[in-house]
Amino acid sequence: GESVGLHLPTLSVQEGDNSIINCAYSNSASDYFIWYKQESGKGPQFIIDIRSNMDKRQGQRVTVLLNKTVKHLSLQIAATQPGDSAVYFCTHGGTSYGKLTFGQGTILTVHP
Amino acid sequence: GAGVSQSPRYKVAKRGQDVALRCDPISGHVSLFWYQQALGQGPEFLTYFQNEAQLDKSGLPSDRFFAERPEGSVSTLKIQRTQQEDSAVYLCASSIYRANTEAFFGQGTRLTVV
C-alpha cells in the first residue's frame, strides 16, 4: 500500500551543524519523492524533489539521497540555521497529477 | 501577492453549522488540491481539480464535504452540518500543470467546531 513513514519524530541540532532527516517508504512504484517544510502557522513549502531513477540530488544547502534497495530517503541540511526550524515531511507522488501522500513529519529544532 | 490565498484564516463553527472555505490559487495554475491536516499530523488528501473538472474526490471523508471550482480558478470547500471531528486545518495547494511535482500551498484555514 501507499505509506510514508519517518524514523524520528524530533531532531534537535545546534546552529551551524549539519542535519539529517530520514524517511522510509513502502510504495516502490512512486515516480518521485519530495521534501516539504512546514513552519508554524504556514502551509507546507516545497524544498526539493528527486526522481526515482536518481540516487542523489543537491539544492541550495540541501541534499536528498534515495536508496531504493532499502526504500529509504534522507534530507541533509548543511550549516543548519534557526530559520530551518520547522516540521519536515517526505512525500511521494503516486499519481499522474501530483497527489501527495504525507507522513507524520519530523520536527527540527535548531538552537542558536 | 502571487501566492495561494485562503480565507478565512480562522473559522469557529457551532456543531451542525455549514461552512464554506475559499481558495484563490496562483493565476494560471491548472491543478488545485485540498488537504486536511489534523493537529500534529501530516496533511491528508481530500480532492483534486484539473481546471474546473474534479478528477479525484476519493479523500473526502463523507458526503457532508463538497468542493467546487466552477470556472477553473477559485475553489470552495463546503462542509455541511459540521461535527467536532471536522476540526482541522484545511490546506489548498495549486501547481502550474498536471504532474508537476512542485505544489504551492496556502496558509490554510483553521476550522474549530464547538
Side-chain angles (χ1 to χ4, degrees), chain A residues 1-10 21 23-25 27 30-54 57 59-60 62 64 66 73 86-108, chain B residues 1-10 21 23-26 29-51 53-60 69 88-110:
Chain A
E2 295 187 8
S3 68
V4 177
L6 294 161
H7 291 304
L8 298 173
T10 62
I21 301 171
C23 177
Y25 65 92
N27 187 349
S30 296
D31 292 331
Y32 53 89
F33 299 86
I34 313 168
W35 283 97
Y36 276 86
K37 169 187 179 183
Q38 187 173 27
E39 297 175 84
S40 181
K42 297 184 178 180
Q45 179 184 7
F46 176 94
I47 301 174
I48 191 169
D49 64 358
I50 185 168
R51 294 284 171 181
S52 59
N53 60 357
M54 300 171 65
R57 189 172 187 207
Q60 186 177 12
V62 296
V64 57
L66 176 63
L73 189 70
V87 180
Y88 288 79
F89 295 99
C90 68
T91 70
H92 70 84
T95 67
S96 61
Y97 54 82
K99 170 184 173 180
L100 298 173
T101 301
F102 287 80
Q104 185 178 6
T106 293
I107 301 171
L108 175 64
Chain B
V4 176
S5 178
Q6 292 186 246
S7 61
R9 283 281 283 128
Y10 303 92
L21 312 180
C23 173
D24 286 82
I26 295 173
H29 278 198
V30 168
S31 296
L32 186 145
F33 303 83
W34 283 97
Y35 290 85
Q36 180 189 58
Q37 186 172 24
L39 187 65
Q41 301 296 317
E44 292 192 358
F45 172 81
L46 292 176
T47 187
Y48 164 71
F49 289 87
Q50 180 180 314
N51 295 309
Q54 188 176 20
L55 300 185
D56 187 345
K57 53 182 180 179
S58 62
L60 296 176
R69 193 187 185 196
V89 174
Y90 291 86
L91 294 162
C92 176
S94 70
S95 61
I96 193 165
Y97 59 82
R98 179 177 166 140
N100 188 10
T101 61
E102 184 170 1
F104 295 84
F105 281 80
Q107 289 189 301
T109 294
R110 180 177 295 279

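First the proteins, then the strands, lettered A, B, ... as listed; each starts at 1.
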B/Gln54, CD: over 12 other non-hydrogen atoms inside 6.0 angstrom: yes
Contact between A/Phe89 and B/Pro43 at the side-chain level, heavy atoms closer than 4.5 Å - yes or no? yes
Salt bridge (Lys or Arg N to Asp or Glu O under 4.0 Å) partners of B/Arg9, counting only residues at least two apart: none
Per-residue tally against chain A (heavy atom, under 4.5 Å) across B/Gln6, B/Gln107, B/Gln50 peaks at B/Gln107
Return the minimal non-hydrogen interatomic distance between A/Gly43 and B/Leu91, and the atom names on each side. CA-CD2, 4.0 Å
Say you draw a straight line from CZ of B/Phe33 to CG of A/Leu100; how long is it, rounded to the nearest 0.5 Å? 6.5 Å
Reported CD-to-OH distance for the pair B/Glu102 and A/Tyr36, which is rounded to 0.5 angstrom: 7.0 Å
Go through the structure and list residues passing side-chain hydrogen bond (donor to acceptor under 3.5 Å, both in side chains) with A/Gln45, not counting sequence neighbours. none
Atom pair NZ (A/Lys99) and CG (B/Leu46), whose distance is rounded to the nearest 0.5 Å: 10.5 Å
Indicate yes or no for a side-chain donor-acceptor contact from B/Tyr48 to the backbone of A/Gly98 under 3.5 Å, with no hydrogens or angles considered. no
Measure distances from B/Thr47 to the heavy atoms of chain A and classify the residue's part below 4.5 Å as side chain, backbone, both or neither. neither
